[in-house]
Amino acid sequence: FRYEGAEDDTLRGISLHIGAGERIALVGQNGSGKTTLIKLLLRLYNPTGGSVKLDGRDIRDYTLDSYRDEYACVFQDFKMFSMSVADNVLLRLPKDGDAELVEYSLRESGAYERVARLDHGIETTLTREFDDHGANLSVGEQQKIALARAFARTSPVIILDEPTVGLDPKQIIEIRDLIKKLGSIKTVILSSHILAEISAVCDHVMIISHGRLVA
């Protein structure tokens, strides 16, 4: 893959297979190409050579919506929006049974106890951008809300981009435990620039350097 106008490829010679139910870590320094590879998996870009396939079929043969429905994503620059906790988890129009789904997702991500202590529970507004009584959560608590979004989706594949950035050691252990839990029900693809943080909970570690898969 080469960005438009660039003189060199950002990724080259990448060849890998990810099986259903596997936990895969993409490890490399900042700028190594991890995030670009994730964007190719999500079809935010199309490869300039070769192909990405799902079940042996080129992903460009799927409709964009149906293909992206296969994935739930938590990027490192996730955002909390000035709306209820429930709406922040679901990020869609409400349906019957959503309260139970939100509670389940928050429990699975480890955020439920904190949310239950808020004045209005899952209906509490997050941030004070438009609500003077909104709740401001810590970075670690926001991370768990973002992870709850992944549990709330039925997508079989979850992508976590640098899920431990900015967290303290205790929170990193909690995130590792969540990755293990997710791996029991979904395919997990995560990226990290620190090998030791996540290798213990993954089935395979793929090391990327200067746009190549080196190990």
Side-chain angles (χ1 to χ4, degrees), residues 11 14-28 32-44 47 50-76 78 89-92 100-112 143-165 167 171-208 213-215:
L11 296 173
I14 299 286
S15 180
L16 58 90
H17 176 269
I18 299 172
E22 290 185 333
R23 289 171 296 196
I24 302 296
L26 305 175
V27 177
S32 62
K34 305 186 305 296
T35 299
T36 299
L37 180 55
I38 285 174
K39 289 178 178 179
L40 285 167
L41 291 176
L42 294 173
R43 207 185 156 195
L44 296 174
S51 61
V52 180
K53 296 181 179 180
L54 175 66
D55 292 335
R57 180 181 173 190
D58 193 307
I59 64 174
R60 288 169 286 197
D61 293 339
Y62 294 86
T63 65
L64 197 55
D65 286 345
S66 68
Y67 178 71
R68 289 190 181 154
D69 281 345
E70 298 291 310
Y71 297 90
C73 306
V74 181
F75 289 105
Q76 60 178 304
F78 64 85
V89 171
L90 296 170
L91 295 179
R92 59 164 171 74
E100 292 79 7
L101 176 60
V102 169
E103 181 176 327
Y104 159 79
S105 302
L106 292 170
R107 288 188 185 279
E108 291 297 300
S109 73
Y112 182 77
Q143 178 81 293
K144 290 178 181 179
I145 298 290
L147 285 166
R149 294 168 177 165
F151 282 102
R153 288 176 60 87
T154 57
S155 309
V157 183
I158 290 182
I159 292 180
L160 306 174
D161 185 26
E162 298 281 4
T164 59
V165 167
L167 303 184
Q171 292 168 331
I172 289 173
I173 291 172
E174 291 174 346
I175 295 299
R176 284 202 312 231
D177 290 342
L178 285 173
I179 292 169
K180 289 168 64 176
K181 185 185 294 186
L182 282 168
S184 68
I185 55 176
K186 298 176 184 285
T187 302
V188 179
I189 303 168
L190 62 93
S191 73
S192 177
H193 63 282
I194 303 176
L195 177 61
E197 283 186 356
I198 42 73
S199 59
V201 297
C202 292
D203 300 306
H204 300 285
V205 177
M206 300 186 178
I207 300 176
I208 299 176
L213 184 60
V214 298

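All residue numbers in this chain count up from 1 along the given sequence. Side chains included, hydrogens not; waters and symmetry mates left out as well; all remaining heavy atoms used.
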Handout entry: For the student: nearest non-hydrogen atoms of Cys73 and Leu42, plus distance
Key = SG-CD2, 3.5 Å
Problem - Nearest atoms (heavy-atom pairs only) where Leu54 meets Tyr62 - result: O-OH, 2.9 Å
Handout entry: Rounded distance (nearest 0.5 Å) linking atom OG1 of Thr35 with atom CD of Gln76
Key = 6.0 Å
Problem - Separation between CG of Leu90 and CZ of Arg153, rounded to the nearest 0.5 Å - result: 11.0 Å
Practice task
Report yes if the side chains of Pro156 and Glu70 come closer than 4.5 Å at any heavy-atom pair, otherwise no.
Solution key: yes
Practice task
Specify the closest pair of heavy atoms between Ala150 and Val74, including all atoms of both residues, with the distance to one decimal.
Solution key: CB-CG2, 4.3 Å
Completion exercise
To the nearest 0.5 Å, atom CG of Leu213 lies from atom CG of Leu11 at 10.0 Å
Practice task
Would you name the heavy atoms of Leu40 and Pro47 that are closest together and state the gap between them?
Solution key: CD2-N, 3.6 Å
Problem - Asp58 with Arg60: basic N within carboxylate O range, under 4.0 Å - result: yes
Practice task
Spell out, as yes or no, whether a donor-acceptor pair under 3.5 Å connects the side chain of Arg176 to the backbone of Val201.
Solution key: no
Practice task
Spell out, as yes or no, whether a donor-acceptor pair under 3.5 Å connects the side chain of Arg43 to the backbone of Arg68.
Solution key: no
Completion exercise
Residues passing the side-chain hydrogen bond (donor to acceptor under 3.5 Å, both in side chains) test with Thr63, sequence neighbours excluded, are Ser66
Handout entry: Side chain to side chain, Val157 and Ile18, heavy atoms closer than 4.5 Å
Key = no
Practice task
Using modelled atom types only, decide if a donor and an acceptor are shared between the side chain of Ser109 and the backbone of Ile145 within a distance under 3.5 Å.
Solution key: no
Handout entry: Shortest non-hydrogen separation from Arg107 to Tyr112 and the atoms involved
Key = NH2-CE2, 3.2 Å
Problem - Test item: Asp161 and Lys34 side chains (from C-beta on) under 4.5 Å apart, heavy atoms - result: no
Problem - Nearest-0.5 Å distance that lies between atom OG1 in Thr187 and atom CZ in Arg23 - result: 11.0 Å
Exercise for the section: Taking the side chain as every heavy atom from C-beta outward, state whether Gln143 and Phe78 have any pair of such atoms under 4.5 Å apart. Expected result: yes
Handout entry: Contact check, side chains of Ile24 and His17, non-hydrogen atoms, under 4.5 Å
Key = no
Fill in the blank from the handout: Rounded to the nearest 0.5 Å, the CZ atom of Phe151 sits from the NZ atom of Lys186 at a distance of 8.5 Å
Problem - Leu190 side chain near Ile158 side chain, heavy-atom distance below 4.5 Å - result: no
Problem - Distance (rounded to the nearest 0.5 Å) between Leu41 CG and Thr36 OG1 - result: 11.0 Å
Exercise for the section: Could you tell me which non-hydrogen atom of Ala25 sits nearest to which non-hydrogen atom of Cys202, and how far apart they are? Expected result: CB-SG, 3.6 Å
